[in-house]
Amino acid sequence: MASEHPTVLLVEDEPAQREVLAYNLEADGFTVTKAENGEEALMLVEEAAPDIIVLDWMLPNVSGIEVCRQLKTRSETRGVPIIMLSARSEEVDRVRGLETGADDYVVKPYSVIELMARVRAQLRRTRPATVGERLEYEDIVLDAETHRVTRGDKALKLGPTEFRLLSTFMEKPGRVWSREQLLDRVWGRDIYVDTRTVDVHIGRLRKALCQHGGKDPLRTVRGAGYALG
Ligand code: CA
């Protein structure tokens with residue numbers, strides 16, 4: 001029986017990066033299994049193949065590339081999409097990563113939102129029923145695929161950061177997000193951004209959401225952060 005929550009195997013030896021990513025994937029409705037190294041990853045896949053694998057390139061002992069190569073040569077696991085994470089950005093490395101059979105490749109430091117979008121894109125291909133593409137809140141509709149946002153029947157103009165902020169809010173209406181959590185989700189933890197930047201973009205998002213009128217749907221929660229509704 002197919003579970004309605006897609007399962008992700010997250011292979012990352014850096015504990016902080018692993019935890020941030022696992023937290024965000026779980027908040028997004030994924031069931032996450034974590035592995036710290038390549039051997040553990042291969043063992044876990046043998047036990048139960050996940051819907052998708054997020055795989056760090058640089059791992060102790062068995063590298064991410066080797067894990068990818070092994071999984072892509074076995075018929076039972078060949079169909080599981082693999083997204084490789086790497087600090088390397090050279091084109092030659094990218095080509096090498098894709099040659100091992102990786103389905104996608106994300107360079108560190110990455111924004112968590114971008115990585116999640118790549119995970120969803122892979123699942124849309126392999127498990128389309130598990131990923132929603134359209135988010136709705138009251139009269140606001142966000143289409144994750146076309147990046148269009150409408151309110152009522154009018155299109156809203158939004159900058160890319162405001163779009164990512166809004167999609168975070170619309171995934172969990174009512175949930176209060178701290179500035180730090182929004183930084184992790186929208187900007188990515190590896191990039192240093194002052195928490196005041198969050199306030200600036202929240203201000204822009206509020207203005208954008210009300211550009212054709214209507215009341216401000218965002219709520220400031222004193223000492224805690226922001227919520228939609
Ligand atoms: Ca690593």
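Remember, it's 1-based here, ligands and their atoms both numbered in the order they're listed.
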So the protein N/O/S atoms within less than 3.0 Å of the Ca ion (ligand 1) come down to D13 OD1, D56 OD2, M58 O

Residue pairs involving residues 141-162 (criterion ring-ring contact (aromatic ring centres under 6.0 Å, His included); sequence neighbours excluded):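 Found H147-F163.
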
Quick one: ring-ring contact (aromatic ring centres under 6.0 Å, His included) pairs with a partner in residues 209-229, sequence neighbours left out?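 Every candidate ring-ring contact (aromatic ring centres under 6.0 Å, His included) pair involving residues 209-229 fails, so no pair, neighbours aside, qualifies.
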
With a 3.5 Å cut-off and sequence neighbours excluded, list the donor-acceptor pairs that the side chains of residues 36-44 form with protein atoms.
unit_1: N37; atom_1: OD1; unit_2: E39; atom_2: N; d: 3.2
unit_1: N37; atom_1: OD1; unit_2: E40; atom_2: N; d: 2.8
unit_1: E40; atom_1: OE1; unit_2: E36; atom_2: N; d: 2.9

Is any NZ, NE, NH1 or NH2 atom of the basic residue among [X] and [Y] found under 4.0 Å from an Asp or Glu carboxylate oxygen of the other?
X    : Y    : answer
D139 : R151 : yes
K34  : E26  : no
D104 : R118 : yes

